[in-house]
Amino acid sequence: MAVYIGEDFTSDEEDILRRYFTNLDGPVFALVNLPEVVKGALFARYSRSPKSLRRLFLDEFVGDLDITGDLSVDATIGLERAEQLYQRVFLEYGDDSVAQLGGVHLACEQASNILTKILEWGRLAAYLEQSTRYIAYDSRLGGRYRYYRDPEVLTSPLGLRYVAEMDGMFDAYAELVPVMQDFFREQFPKTDADSDFVYRQAIKAKALDSIRGMLPAASLSNVGIYGTGQTYEMLLYRMRSHPLPESRAYADLMLTELRKVIPSFLRRVDLPDRGEVWRDYFEDRETAMGSIATKLFRGVEPEDVPEVTLVDFDPDAEIKAVASMLYAYTDLPETQLETRVRAMSVEDRIAVIRAYEGDRKNRRHKPGRALERPQYRFDVLADYGAFRDLQRHRMLTLEWQKLTTRHGYVRPPAVDAAGQAEAFDEALERSADLHDDLLDDFPEQASYAVSLAYKVRFYMHVNARAATHMLELRSGPQGHPAYRRVAQEMHRLIAEKAGHRAIAEGMRFVDHSAEPALERLDAERAAEQRRSVQQP
C-alpha cells in the first residue's frame with residue numbers, strides 16, 4: 001500500500017473524533033455513534049469538498065451537533081451479546097439474510113481512480129465520490145501532487161520516471177486551471193443577476209470540466225460507501241482476488257475497520273474454506289479467461305465504430321411492455337394478454353403506455369416495473385471521465401475493458417478555442433509514453449498513467465425503466481458534455497434504431513438541447529436560492 005498522507009489534529013479534536021470514527025490515522029475508517037441523517041449529510045458534502053471526511057466533520061458539522069452526552073460513547077457497547085446472537089442465528093441456521101440487515105458508512109480516502117471503480121462495483125450499496133468538477137487537482141497533499149504511488153513501481157527502475165512524468169502531467173493541468181478560468185470569464189461575462197459566488201462556482205466547474213481529461217487515472221479520490229454486511233463481504237472477496245496490488249492492500253484496510261463495527265458479518269472473509277476459496281475461484285476464472293481470449297484474438301485489431309452502438313434489443317418489446325403494464329389490472333394470464341395486445345391498434349397501445357406513465361411532473365417521478373421488460377444493450381467507446389460517471393448507475397449490467405491508450409483520446413473544443421491544444425496534447429502524449437513503458441513489467445499498474453481523456457470501451461445492458469432514470473439524469477444541461485452526448489445518443493437509438501418511439505417518448509425529461517454556456521449556472525442559482533430560504 002502506498003504511503004497515506006495523514007493529518008494533524010489537536011488533542012481536543014482527537015478527543016472528539018475518537019467518538020465517531022474508528023481510527024484517526026488511516027485512509028479507511030467507519031463512522032459510528034452518529035445519527036443516520038448526519039452520516040448521509042456528511043457524505044453528501046464530502047463529494048464536493050477537497051477536505052478529508054474527518055476534517056470536514058470538525059469544520060462544518062460538530063458546531064451544529066450536541067455532543068455533550070457523547071463523552072463516554074463506545075462503539076463496542078452491546079457488541080459481545082450481539083455477536084453471540086448472530087453466531088447462533090447465522091452459523092447454526094445459515095441465514096445469510098441476517099447480514100443484509102446491518103450496515104456501515106465507510107470512508108475510503110486517497111484511492112486511485114482505478115480503485116474507485118473497483119470499490120463501486122456492487123449494485124446493492126450507495127456511493128458518493130469526490131468530483132473532478134468541484135475539486136481542483138492543482139493543490140498538493142503533504143507537499144506532493146495527489147496521485148497514487150504504487151510501491152512496486154516506485155522501487156523499480158521506472159520509479160523515478162513514474163514520479164517525474166506524473167508530476168509533469170499535474171504541472172500541465174495546474175498551469176491550465178487559471179488559463180481556462182480566464183478564458184471562460186471572457187466568453188461568459190458575469191451579469192448583475194448572479195452573485196459573485198454563483199458566477200465563480202459556474203466558471204470554476206466549466207474550467208475544470210474542460211481539462212479534467214489531462215489528469216491521470218492515478219489521481220486520488222475520496223469515496224463514501226454505505227453498504228450492508230453482505231455487500232461488503234462480496235466486495236472484499238472480489239478485491240482480495242483482484243490483480244491490482246492497490247485493491248488487495250485496500251481490502252485489508254477495509255476489513256480491519258469493518259470488523260470494528262460489524263465483525264460477525266465479516267467473519268468468513270479470510271477463512272480458508274470460505275474467503276480463500278472465493279479468492280481462488282475469482283483468480284482462476286480471470287486467468288483462464290485472459291488466456292483463452294489472448295489465444296483466440298491475438299493480433300485482431302478493433303474496427304472503427306460509433307461512440308455509442310445499440311447492439312441488441314427486442315423488436316417486440318413495446319408489445320410485451322404493454323402486456324406487462326396491463327397485467328396487474330386484469331385476471332388474464334400473460335400469454336393471453338400478449339395475444340390480445342398484438343391485435344390492438346397502435347393507437348390503443350400508445351394510449352396504454354401513456355396512461356401507465358401518468359402525468360410525470362419531473363424526472364423523479366419513476367415509471368412502473370412493466371418498463372423493466374424491454375432490454376437494450378449498448379456498446380460504448382467514450383472517454384474515461386464520462387465512463388466514471390456512467391459506471392455509478394447500478395441497476396443495470398455493465399462491464400468494461402482495461403483502460404489503455406490504444407483507442408485515442410478526446411480533446412474538448414473549449415481547449416482548442418482557448419488556444420491550449422498543444423499543452424493538452426503534450427500532457428496526453430506524456431501519459432501514453434509512460435503507459436507504454438510500464439506495460440511490460442507492470443501490466444496492471446500501467447493504467448495509472450492513462451489520462452481521463454483517453455477512451456475506454458464498455459457495455460451497458462439496461463432495461464427501459466433504468467434507462468429512463470439514467471438518460472434523464474445524465475442528459476441534463478448541468479451535466480458534463482461527454483456523458484450528455486452518450487445519454488442523448490442512447491435515447492435517439494432507442495427511438496430510431498429500435499423503433500420504440502412510444503417508450504422513448506415516455507422518457508420525457510431527456511434533454512437534447514445544445515451544450516449550455518455555463519452548465520452549472522442554473523444549478524448554482526438554485527442552490528443559492530435554497531440557502532437563502534433556509535437562512536433565519
Side-chain angles (χ1 to χ4, degrees), residues 112-114 132-133 135-139 145-148 158 160-187 203-220 301-302 304-307 380-389 401-439 442 445-458 480-486 515 519:
S112 74
N113 266 267
I114 298 295
T132 55
R133 165 171 280 181
I135 311 302
Y137 278 74
D138 54 350
S139 62
Y145 280 127
R146 288 180 288 171
Y147 61 83
Y148 187 75
L158 288 168
L160 292 177
R161 168 93 190 283
Y162 180 86
V163 172
E165 297 295 351
M166 285 289 182
D167 282 352
M169 282 186 268
F170 274 81
D171 283 339
Y173 169 89
E175 288 172 6
L176 284 196
V177 169
V179 172
M180 295 306 298
Q181 286 181 325
D182 289 344
F183 169 75
F184 286 122
R185 288 191 193 98
E186 293 178 4
Q187 295 291 305
I203 288 292
K204 178 183 177 182
K206 185 80 169 177
L208 298 185
D209 274 355
S210 69
I211 58 172
R212 76 172 183 179
M214 299 172 72
L215 293 170
S219 300
L220 299 179
E301 292 298 318
D304 289 334
V305 294
E307 182 176 41
V380 184
L381 183 63
D383 70 73
Y384 193 72
F387 163 75
R388 291 170 63 256
D389 294 299
Q401 298 175 358
K402 184 172 290 188
L403 178 62
T404 70
T405 58
R406 71 175 303 178
H407 300 302
Y409 60 85
V410 178
R411 187 176 65 237
V415 172
D416 288 353
Q420 299 302 320
E422 183 177 355
F424 189 94
D425 290 348
E426 286 178 356
L428 273 289
E429 289 166 9
R430 185 189 292 266
S431 165
D433 290 343
L434 180 58
H435 167 268
D436 292 348
D437 288 344
L438 289 170
L439 199 55
F442 302 100
Q445 294 96 318
S447 294
Y448 288 135
V450 182
S451 294
L452 304 187
Y454 278 100
K455 299 176 186 177
V456 64
R457 194 185 303 280
F458 58 101
H480 192 285
Y483 64 67
R484 278 197 81 209
R485 186 174 62 249
V486 171
E515 181 180 341
E519 291 91 346

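By convention here, the first residue in the shown sequence is residue 1. The analysis underlying the following values was restricted to heavy atoms, covering all of them including side chains, and did not include hydrogens, waters or symmetry mates.
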Using 4.0 Å as the upper bound for N to carboxylate O, is an ion pair formed by Asp182 and Arg185?
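Yes, charged N to carboxylate O under 4.0 Å.
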
Is a salt bridge present between Glu307 and Arg485, judged by a nitrogen-to-oxygen distance below 4.0 Å?
yes

Is the shortest side-chain heavy-atom distance between [X] and [Y] below 4.5 Å?
X	Y	answer
Lys455	Val410	yes
Thr405	Glu429	no
Glu422	Glu426	yes
Leu452	Asp383	no
Phe170	Ser219	yes
Leu215	Met169	no
Met180	Ser210	yes
Leu434	Tyr162	yes

Determine the minimum heavy-atom distance between [X] and [Y], stating which atoms define it.
X	Y	value
Arg411	Ala421	NE-CB, 3.7 Å
Gln420	Val179	NE2-CG1, 3.7 Å
Tyr384	Ile114	OH-CD1, 3.9 Å
Tyr448	Pro216	O-CB, 3.4 Å
Ala423	Met214	O-CE, 4.1 Å
His435	Ala446	CD2-O, 3.4 Å

Does Ser431 reach the main-chain N or O of Ala449 with its side chain, forming a donor-acceptor pair under 3.5 Å?
yes

Report yes or no: does Tyr454 contribute a side-chain atom to a donor-acceptor pair with the main-chain N or O of Leu428 at less than 3.5 Å?
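Yes, Tyr454 side chain to Leu428 backbone: donor-acceptor pair under 3.5 Å.
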
Please list, chain by chain and in numerical order, all residues satisfying side chain to side chain donor-acceptor pair (under 3.5 Å) with Arg161, sequence neighbours excluded.
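Partners of Arg161 under the side chain to side chain donor-acceptor pair (under 3.5 Å) test: Glu165, Asp437.
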
Test Tyr173 against Leu208 for side-chain contact (heavy atoms from CB on, under 4.5 Å), laying out the working first.
CA-CA 9 Å; Tyr173 169 89; Leu208 298 185; 3.4 Å; yes

Could you tell me the separation between the CG atom of Asp171 and the CG atom of Leu176, rounded to the nearest 0.5 Å?
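It is 11.0 Å, given to the nearest 0.5 Å.
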
Students often mix this up, so state it plainly: with edges at 30° and 60°, are the rings of Tyr409 and Phe424 parallel, tilted or perpendicular?
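It falls in the tilted class, 30° to 60°.
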
Begin with the C-alpha distance, continue with both residues' side-chain angles, and end with the deciding distance and a verdict on side-chain contact (heavy atoms from CB on, under 4.5 Å) for His407 and Val456.
CA-CA 7 Å; His407 300 302; Val456 64; over 6 Å; no

Verify whether the ring centers belonging to Phe387 and Phe458 lie closer than 6.0 Å.
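Close enough - the centres of the two rings lie under 6.0 Å apart.
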
State yes or no: are the ring centers of Tyr145 and Tyr137 separated by less than 6.0 Å?
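No: the rings miss the under 6.0 Å criterion.
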
If you apply the rule side-chain hydrogen bond (donor to acceptor under 3.5 Å, both in side chains), what do you find for Asn113 with Tyr148, and how did you get there?
CA-CA 9 Å; Asn113 266 267; Tyr148 187 75; over 6 Å; no

Arg406: what forms a side-chain contact (heavy atoms from CB on, under 4.5 Å) with it, not counting sequence neighbours?
Glu301, Pro302, Thr404

Checking side-chain contact (heavy atoms from CB on, under 4.5 Å) against Ile135, which of Arg212, Lys204, Arg146 comes through?
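Result: among Arg212, Lys204, Arg146, Arg146 is the only option passing the side-chain contact (heavy atoms from CB on, under 4.5 Å) with Ile135.
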
